[in-house]
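Down below is the structure, laid out as structure tokens.
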Amino acid sequence: MSGPDPAIAAVRTAVREFLASASPRDEVYVAVSGGADSLALTEATAFTGGRAGLKVCALVVDHGLQDGSAETAARAADTARELGADTAEVLKVRVEGAGGPEAAARRARYGALRSALPDGHGLVLLGHTLDDQAETVLLGLGRGSGPRSLAGMRPLDPPWGRPLLGVTRATTRRACAALGVDPWQDPHNADPRFTRVRLRTEVLPLLEEVLSGGVAASLARTAAQLREDTEALDTLAGEVHLRAFTGEGLDVSVLATEPPALRRRVLRRWLLDSGVRELTDAHLRSVDALVGNWRGQGGVWLPGDLVAKRAHGRLLLETPQSTT
């Protein structure tokens, strides 16, 4: 008796290994768009999760951005049930806000998925593949976002889980074909107005041609290596943060003895924990200069109408009113 199709087996294996390491308790959620990646993920989760006694719940987000989106979402939910999901729910969202339609849709989607979790806790599996990871690394490289961005997406970043980061998009398509499933083709995935689409259809194919193939896998491997380095440095930065934090600010004498790369990680954590948002590398380096290039300069203005300043051997974060 022959086993499952190799593509189906590859997706199931990736999901089984992920669930074994993530150890969800009673149920697991799967974000379903109706595309090949999410449908292959749904079938594999229902197959492996069901054997492990997990309830599998499909979540379909209807962004309402295209004609017939409600019908598309309902069809995706029906397909998820046919593939073995115990339940399937359609989440209607309103896409609005700054950053363009792609960013606004992403915020709305993640917000809806998080809100669907009971008490905000649980695990939502996302269908990001090795190809998506490669595109993410290229985006970070092009934007000069630093090693944290080049490290790509984490396999487990609660409440999000990404079991398929080692599986190619071509594999999920073959799995759907073997399952007899006809995935939905999102027209936005072929729209060159979106940067990620041009990376997928123009940049990566060119790199594959010039570098004789294997580029997507190499980029994903680089991301994994950088992620390990970043996590190690973050752990060290956490230890420095504990020694430097005074309750009101950071002790400059502790920070001054640390390498700049580690020091800036401490500063990043402190500023984010203090409520600074939209923190850029330029902001971070300006605050770091209060330690590593101190000349008695004034404070650094930060997003959220906050000011980082050095006083009495400490770094402090204040509102403009409190500095006057």
Side-chain angles (χ1 to χ4, degrees), residues 5-22 30-33 35-45 48 102-103 106 109-110 123-176 183 186 188-190 194-235:
D5 177 89
I8 296 175
V11 180
R12 287 178 178 177
T13 298
V15 172
R16 183 177 66 251
E17 292 176 351
F18 176 85
L19 291 178
S21 63
V30 183
V32 180
S33 66
D37 301 336
S38 66
L39 292 181
L41 174 62
T42 300
E43 191 280 335
T45 306
T48 59
E102 192 174 13
R106 183 168 54 251
R109 178 168 62 255
Y110 278 81
L123 182 63
V124 181
L125 303 187
L126 307 173
H128 294 131
T129 65
L130 181 147
D131 301 87
D132 294 303
Q133 185 75 296
E135 293 162 13
T136 299
V137 174
L138 279 178
L139 280 171
L141 182 63
R143 291 168 178 167
S145 304
R148 194 174 300 277
S149 179
L150 296 182
M153 298 176 282
R154 296 171 181 260
L156 180 60
D157 186 18
W160 318 118
R162 301 178 176 89
L164 305 185
L165 289 181
V167 176
T168 65
R169 192 174 292 136
T171 299
T172 65
R173 289 172 178 165
R174 289 197 300 269
C176 284
D186 185 349
H188 284 171
N189 288 337
F194 299 113
T195 302
R196 189 176 283 270
V197 171
R198 297 197 66 186
L199 281 176
R200 181 177 305 162
T201 60
E202 300 176 33
V203 178
L204 271 170
L206 180 60
L207 286 174
E208 293 280 352
E209 178 186 341
V210 172
L211 299 177
S212 302
V215 171
S218 296
L219 289 170
R221 188 164 56 250
T222 297
Q225 294 166 352
L226 283 170
R227 190 161 54 250
E228 291 174 350
D229 292 348
T230 297
E231 289 171 354
L233 286 170
D234 284 346
T235 298

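This one's a predicted model, so the numbers in the text were calculated from it and none came from an experiment.
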Cut-off 3.5 Å, no hydrogens considered: what does the side-chain donor-acceptor table look like for residues 35-43, sequence neighbours left out?
unit_1, atom_1, unit_2, atom_2, d
Asp37, OD1, Thr172, OG1, 2.6
Ser38, OG, Ser33, N, 3.1
Ser38, OG, Ser33, OG, 3.3
Ser38, OG, Gly34, N, 3.3
Ser38, OG, Gly35, O, 3.3
Thr42, OG1, Ser38, O, 2.7
Glu43, OE1, Arg12, NE, 3.4
Glu43, OE2, Arg12, NE, 3.4
Glu43, OE2, Arg12, NH2, 2.6

Pairwise salt bridge (Lys or Arg N to Asp or Glu O under 4.0 Å) hits with a residue in residues 137-150, at least two apart
Arg148-Asp234

Pairs under 3.5 angstrom only: tabulate donor-acceptor contacts from the side chains of residues 203-210 to other protein residues two or more places apart or in another chain.
unit_1, atom_1, unit_2, atom_2, d
Glu208, OE1, Gly214, N, 2.9
Glu208, OE1, Val215, N, 3.4
Glu208, OE2, Val215, N, 3.2
Glu208, OE2, Ala216, N, 3.2

Could you give all pairs that pass the salt bridge (Lys or Arg N to Asp or Glu O under 4.0 Å) test and reach residues 124-137, with sequence neighbours left out?
Asp132-Arg169, Asp132-Arg200, Glu135-Arg169, Glu135-Arg196, Glu135-Arg200

My understanding is that only residues two or more places apart in sequence, or in another chain, count here; which of them pass side chain to side chain donor-acceptor pair (under 3.5 Å) with Asp229?
none

By side chain to side chain donor-acceptor pair (under 3.5 Å) - contacts of Glu202 (at least two apart)
Arg198

Of all residues at least two apart in sequence or in a different chain, which pass the side chain to side chain contact (heavy atoms under 4.5 Å, CB included) check with Arg106?
Glu102, Ala103, Arg109, Tyr110

Sequence neighbours excluded, the answer for side chain to side chain contact (heavy atoms under 4.5 Å, CB included) partners of Ala170 is Thr168, Arg174

Under the side chain to side chain contact (heavy atoms under 4.5 Å, CB included) test, residues paired with Arg16 that sit two or more places apart
Thr13, Thr48

Which heavy atom of Ala175 sits nearest a heavy atom of Val11, and at what distance?
CB-CG2, 4.2 Å

Quick check for you: to the nearest 0.5 Å, what is the distance between Leu138 atom CG and Leu219 atom CG?
5.0 Å

Leu199 and Leu139, any side-chain heavy atoms less than 4.5 Å apart
yes

Does any part of the side chain of Leu123, heavy atoms only, come nearer than 4.5 Å to the side chain of Phe18, both counted from C-beta?
yes

Shortest non-hydrogen contact between Thr171 and Ala10, atoms and distance:
CG2-CB, 4.1 Å

Pairs in or reaching into residues 213-227: which pass side-chain hydrogen bond (donor to acceptor under 3.5 Å, both in side chains), with residues at least two apart or in two chains?
Ser218-Arg221

Report, one line per pair, each donor and acceptor closer than 3.5 Å where one atom sits in a side chain of residues 151-167; sequence neighbours left out.
unit_1, atom_1, unit_2, atom_2, d
Arg154, NH1, Glu231, OE2, 2.9
Arg162, NE, His128, ND1, 3.0
Arg162, NH1, Arg154, O, 3.0

